[in-house]
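We count ligands from 1, going down the list as the structure has it; atoms in each ligand are counted the same way.
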Amino acid sequence: MASARLASWVCLLVCILSVLKTNTQCVDVTNTILPHALEKGAVCLDGTPPAYALQEGIGEAANNWIIYLEGGGWCASEAECLFRTTKDVGSSNRWQKEQSCLIAMLSDQQNENPYFFNWTRVYVRYCDGSSYVGDREEPFIESNTTVYFRGARIFDAIMEDLSTRGLLNASQALLTGCSAGGLGALLQCDHFRSMLPQSAKVKCAADAGFFIDGTDIYGGHWHREYFAQIVQTHESYKNLPKSCTSKMNASLCMLPQYFVGDIMTPVFILNSVYDTWQIENILMPLNEEQLDVHDEFAPCGHDIENCTCDQVKHWRRFQSEFYQALTHLNSSSRNGAFINSCASHCQTQKQETWCENNNPISKLLISASQPLQGVGQAIGEWFINDSKFRKIDHRHKNPLVCEYNPEEPHWNNHYTFRGTNLIIPNYTMVDEVNRKLHLVPQCPAEIPAYLQESQYCLSDVC
Ligand SMILES: *[C@@H]1O[C@H](CO)[C@@H](O)[C@H](O)[C@H]1NC(C)=O
Ligand SMILES: *[C@@H]1O[C@H](CO)[C@@H](O)[C@H](O)[C@H]1NC(C)=O
Ligand SMILES: *[C@@H]1O[C@H](CO)[C@@H](O)[C@H](O)[C@H]1NC(C)=O
Ligand SMILES: *[C@@H]1O[C@H](CO)[C@@H](O)[C@H](O)[C@H]1NC(C)=O
Ligand SMILES: *[C@@H]1O[C@H](CO)[C@@H](O)[C@H](O)[C@H]1NC(C)=O
Ligand SMILES: *[C@@H]1O[C@H](CO)[C@@H](O)[C@H](O)[C@H]1NC(C)=O
Ligand SMILES: *[C@@H]1O[C@H](CO)[C@@H](O)[C@H](O)[C@H]1NC(C)=O
Ligand SMILES: *[C@@H]1O[C@H](CO)[C@@H](O)[C@H](O)[C@H]1NC(C)=O
């Protein structure tokens, strides 16, 4: 028993070292710009044509397609969208000169991406600010800048262009993406399916795209209002799932919990229950009128170790609302889910969270005895072998550090629960779990009832 445990610790250490040593390289791919899309008004916020990067697959596997929608937040008001026109998230100007870096889920290396490396892989650049569903005829004009709201047209123009490159001959296709792109993959899922031949196997997977309708620290629903504004500004309601807009106010229909159960195509939800974007923006959005409340909570929101027992309740409520939202995913169908506890956002885009063989995290998060090797394997088996994969980490009450590269610039770096840990020499996942167990305040009655209630389990593993 003791030696088996030691052996698995040694394995973890070896595995972690090999992650650190992996020198993952981008595949640099020239962007395809779609000048013809201009005629259809399928343009970025600043009026430039949309773009994607494609690397062809090998042999027969080239008929298998993975289409990855880039993310990058949203713009909710005309002014915010105007601001984006000078940025990469609102213009293709820079992509016309620069290449795209295909990595992790889009890697062409078998050891980095064992299930999809030889497929045709497409990285769709994000420049509409609406998760690929806006479609407003009237532009917004401010002095000499014209702003367009055409996300859905961009999606269609890109699919049309890919059709000429063989997409309509696909034998398998996975529509995916992260964050705003992950949400786009869910919103466009059935539409995408309808474009492809019936004989093709088609599925959709959202990474960090399951934005919940959660309660914020002020007791309100700032994020719900924010999404409502996006839907109005971009007139996205025209393209949101009809199954949802026919039942409720369309401004709610960008929130996955209100439409995910009605998606006909099989979907996979990959998300952390402590998704850093969601903690920052859904749980603790900056509220100018209640800065005192925000500032008082901030140390706890950025590092759960700094919470008082009273504040920990906000985290627990968020966690509870997240699991509740997930129950909307049809559990009887071919849908999959992998919900872990990493302090992260976009696990398909980084080798250390995507790659299977080297990464001990998921194994640790779910169960040491499970043969699961990671996020990539979960999605790969679910897509390719049609295996039922629904796992939620209910073992860890607190966010865990799951990324290993402190050198890599990333907006999550300001999270102290990531940054500080990683500069400790030889810091491992085992240290991380132990640290969380000991340092986070143990508050009375903090384990909510849902942890015992089986209806919150999507799987046999809870
Ligand atoms: C693509 O890779 C998979 C997984 O390794 C393999 O089974 C398949 O034969 C490959 N296809 C081609 C055409 O090389
Ligand atoms: C208008 O265009 C001029 C010249 O192209 C530019 O210098 C100026 O910044 C623009 N004004 C606004 C408000 O974008
Ligand atoms: C689709 O496949 C057919 C038959 O194999 C072929 O004739 C056609 O050129 C292909 N179309 C594209 C766009 O690749
Ligand atoms: C739908 O929600 C929006 C945003 O909350 C609100 O402005 C609008 O009045 C609602 N529409 C209806 C028909 O209730
Ligand atoms: C999802 O489940 C509901 C109720 O369980 C059912 O009515 C609906 O048809 C299901 N949707 C799909 C796409 O399977
Ligand atoms: C959490 O507490 C530690 C120790 O008091 C402090 O050094 C750190 O800055 C705090 N973190 C945040 C995000 O405030
Ligand atoms: C998934 O399918 C591949 C090829 O069909 C097979 O080699 C592999 O063993 C399968 N994996 C599982 C877990 O069944
Ligand atoms: C970290 O691990 C390496 C290899 O095991 C060892 O040589 C080194 O002394 C360790 N560093 C610290 C600070 O423990």
Side-chain angles (χ1 to χ4, degrees), residues 27 54-68 74-78 80-81 102 104-122 130-131 133-134 136 149 165-167 169-174 176 187 200-201 203 205 211-216 218-259 281-282 285 287 348 351 354-358 371 373-387 389:
V27 188
L54 179 148
Q55 192 183 29
E56 226 169 278
I58 301 165
E60 274 187 31
N63 280 329
N64 300 333
W65 290 67
I66 184 162
I67 297 182
Y68 195 104
W74 309 269
C75 52
S77 64
E78 291 171 334
E80 265 184 64
C81 292
L102 305 192
M105 191 180 195
L106 295 178
S107 166
D108 63 355
Q109 298 298 305
Q110 184 160 17
N111 63 333
E112 290 170 2
N113 191 19
Y115 289 85
F116 304 111
F117 75 99
N118 57 7
W119 289 29
T120 295
R121 287 152 290 112
V122 180
S130 75
S131 276
V133 285
R136 177 171 134 182
F149 308 86
R165 299 180 73 166
L167 179 62
N169 280 353
S171 46
Q172 309 194 76
L174 173 60
T176 185
L187 290 167
K201 176 174 177 176
K203 302 189 185 188
F211 299 94
I212 67 163
D213 187 14
T215 312
D216 57 40
Y218 318 99
H221 286 85
W222 174 83
H223 190 255
R224 183 195 296 170
E225 302 304 320
Y226 181 65
F227 266 19
Q229 235 192 315
I230 298 168
V231 170
Q232 291 308 315
T233 299
H234 293 262
E235 298 185 10
S236 309
Y237 43 80
K238 299 169 188 165
N239 297 303
L240 293 173
K242 298 278 179 291
S243 60
C244 179
T245 54
S246 64
K247 276 194 295 227
M248 60 185 90
N249 189 325
S251 71
L252 290 172
C253 294
M254 249 179 97
L255 289 156
Q257 70 205 66
Y258 300 124
F259 67 85
N281 296 281
I282 298 183
N287 181 330
T348 56
Q351 194 57 40
W354 168 253
C355 176
E356 15 291 316
N357 297 322
N358 290 335
Q373 288 174 327
V375 165
Q377 188 180 7
I379 295 180
E381 292 291 335
W382 165 79
F383 190 102
I384 293 169
N385 290 11
D386 295 319
S387 65
F389 191 98

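Close contacts of ligand 1 with A61, meaning ligand atoms under 4.0 Å from a residue heavy atom, involve 11 (N), 13 (C). Residue contact check: I58 has heavy atoms under 4.0 Å from atoms 13 (C) of ligand 1. Close approach of ligand 1 to E60 is summarised as follows: ligand atoms under 4.0 Å from at least one heavy atom of the residue are 13 (C). In the vicinity of Q110, heavy-atom distances shorter than 4.0 Å reach the ligand 1 atoms 5 (O).
In this structure a side-chain-to-backbone donor-acceptor pair under 3.5 Å is missing from H223 to D216.
Applying the side chain to side chain donor-acceptor pair (under 3.5 Å) rule to S251 yields the partners N249; only residues at least two apart in sequence or on another chain are considered. Partners of E78 according to the salt bridge (Lys or Arg N to Asp or Glu O under 4.0 Å) rule, which considers only residues two or more places apart in sequence or in another chain, are R136. By the side-chain contact (heavy atoms from CB on, under 4.5 Å) test, N64 is found to be paired with A61, W119, S171, Q172, residues two or more places apart in sequence or in another chain being considered.
Residue contacts with ligand 1, taken as heavy atom pairs separated by less than 4.0 Å, involve F117 solely via side-chain atoms from C-beta onward.
For the side-chain contact (heavy atoms from CB on, under 4.5 Å) with L187, the lone residue among P241, S236, S130 that qualifies is P241.
In this structure, NZ on K203 lies 11.5 Å from CD1 on I379, to the nearest 0.5 angstrom. To the nearest 0.5 Å, the span separating CE on M254 from CG on D213 amounts to 12.5 Å. Distance check, rounded to the nearest 0.5 Å: CD1 of I66 to CG of L174 gives 4.5 Å.
Protein residues with any heavy atom under 4.0 Å from ligand 4: A228, N249, S251.
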